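Everything on this sheet refers to the single structure shown next.
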Protein chains: 2
Amino acid sequence: MNPTEVITQRLRAQGLRLTPQKRVVIGLLQNNATHPTVDSLYENARQEVPSISRRTVYQTVNDLESMGEVTLLDLGTGSVRVDPNVEHPHHHMICSECGVVRDAVIDVSALTPSARDRRDFDVTDVEVNFRGVCRNCQDNGKTA
Amino acid sequence: MNPTEVITQRLRAQGLRLTPQKRVVIGLLQNNATHPTVDSLYENARQEVPSISRRTVYQTVNDLESMGEVTLLDLGTGSVRVDPNVEHPHHHMICSECGVVRDAVIDVSALTPSARDRRDFDVTDVEVNFRGVCRNCQDNGKTA
DNA sequence: CAACTTATCAACAATAATTGTTGATAGCAA
DNA sequence: TTGCTATCAACAATTATTGTTGATAAGTTG
């Protein structure tokens, strides 16, 4: 995502406003590679703006997605995750046990459906998900 | 998934029973490449067993997944889809407009995270989703 | 084939993630 | 500083899914 100042400009250009609530959520997303859920953003945002509501976090995150500043990921972990990295193409490794998400950079230029399949379907995006078990959950499994 | 007779045996072996409700749901899934939602299965099942409840369809589908007879797909279309094709590895093409899902057979043997990424993550499954617009929605868009 | 055990059903309630609504408040442009 | 209105928090509503329960029926056994 763009730096906060740029996002502020882009908001204003649309007649939108930069509020303390938005500022905090945007701040939490800058350089954040944890793919946070809305709920996790909400919990963190409360530390700085205790009165913030979950609704506002949802709203902010949806607005940012409309602006192309973030991507909303539905990786089957029960709730949406926010990915501020829209600059560098990447994919994801998802822990089936705890739901943690990490980035994976791979080359997908050779990945394409058969010519036959493409005939009836206009592919706009290729998404690769590596499912598995993260180191943390592997270790927990050992001791359990 | 296995033929109904085999599934019946497998159910019995676990002390489970084959009821008319299960029979209908299993029947609807045989040779079904439409990746139906639970709701769509429910609507179709009602034609044969009007008294069937959504809960029973959920239950049946979850049981079948536990047995490895089907896969439950969460492709970000809002609700789970049931895929009875567990025999032939394949991936999916998902229409971003209407949510329809089609199979895509591709080779993913070369797809793997970097050695560094794999060090801390045990990959058990690679999932490729082609997002785009199906022919149907393309045509509708033209006339709209 | 009758009896018995208990898995299963439908009905209903509950959860969890997310979105809709609203009146009061506060950004920000002039 | 003023005025317009985007935005907020609070609350309600929606949707997909799971939990609970007492009555019923599947299928095994005598």
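It should be emphasised that the depicted structure is a prediction, and the values quoted were computed from it without experimental measurement. Reckoned from all heavy atoms, side chains included, excluding hydrogens, waters and symmetry mates. Naming convention: chains lettered A, B, ... in sequence-line order (proteins, then strands); numbering from 1 in each chain.
Scanning both residues, B:Leu29 and B:Val82, for their nearest heavy atoms gives CD2-CG1, 3.7 Å. Contact detail for A:Cys134 and A:Cys95: the closest heavy-atom pair is N-SG, 3.4 Å. The minimum heavy-atom distance between B:Phe121 and A:Arg131, with the atom names listed, is CE2-C, 4.0 Å.
Summarising the geometry, the separation between CG on A:Asp74 and P on D:dT15 is reported as 18 Å, rounded to the nearest angstrom. With rounding to whole Å, A:Glu43 atom CD is found 12 Å from C:dA17 atom P. As rounded to whole Å, 13 Å separates atom P of D:dA16 from atom OH of B:Tyr42. Atom NZ in B:Lys22 sits roughly 12 Å away from atom C1' in D:dG27 (whole-Å rounding). The distance from atom CG of A:Asp39 to atom C1' of C:dT18 is 12 Å, rounded to the nearest whole Å. A:Asp63 places its CG atom 7 Å from the P atom of D:dT7, with the value rounded to the nearest Å. Taking atom CD1 of residue A:Ile7 and atom P of nucleotide C:dG27, one finds them 19 Å apart after rounding to whole Å. Taking atom CD on A:Gln21 and atom P on D:dA10, their separation rounds to 11 Å, with Å as the unit.
Atom CD in B:Glu65 sits 12.5 Å away from atom CE in B:Met1 (nearest 0.5 Å).
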Expected rows: protein N/O vs nucleotides 19-23 of chain D N/O, under 3.5 Å:
from: D:dG19; atom 1: N7; to: B:Arg55; atom 2: NE; distance (Å): 3.1
from: D:dG19; atom 1: N7; to: B:Arg55; atom 2: NH2; distance (Å): 3.3
from: D:dG19; atom 1: O6; to: B:Arg55; atom 2: NE; distance (Å): 3.4

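Distances from the side chain of B:Thr19 to the nucleotides C:dA10, C:dT19, C:dT8 place C:dT8 closest.
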- Task: Please test A:Asp83 against A:His90 for side chain to side chain donor-acceptor pair (under 3.5 Å), starting from the C-alpha separation and ending with a verdict.
- Result: CA-CA 11 Å; A:Asp83 192 339; A:His90 63 285; 2.9 Å; yes
- Message: One pair to check against side chain to side chain donor-acceptor pair (under 3.5 Å): B:Ser109 and B:Asp107. What are the steps and the verdict?
- Response: CA-CA 6 Å; B:Ser109 55; B:Asp107 178 24; 2.8 Å; yes
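Residue A:Val38 is out of contact with every strand shown, counting any heavy-atom pair closer than 4.0 Å. Within 4.0 Å of B:Asn62, counting heavy atoms only, lie sugar-phosphate atoms of the nucleic acid but no base atom.
For A:Arg135 and B:Asp120, the salt-bridge test passes: some basic side-chain N is under 4.0 Å from an acidic carboxylate O.
Heavy-atom distances to DNA chain D give each of B:Ser79 and A:Ser51 a nearest nucleotide, and the one nearer the 5′ end belongs to A:Ser51.
Without hydrogens or angle criteria, A:Arg118 side chain to A:Pro113 main chain gives a donor-acceptor distance under 3.5 Å.
Close to C:dT18, at under 4.0 Å from its OP1 or OP2, lies a side-chain N or O of A:Tyr58.
B:Val101 is not connected to B:Val38 by any chain of hydrophobic side-chain contacts under 4.5 Å among Ile, Leu, Val, Met, Phe, Trp and Tyr, and they are in different clusters.
Within residues 11-18 of chain B, the residues that have a heavy atom under 4.0 Å from DNA chain C are, in order of number, B:Gly15, B:Leu16, B:Arg17.
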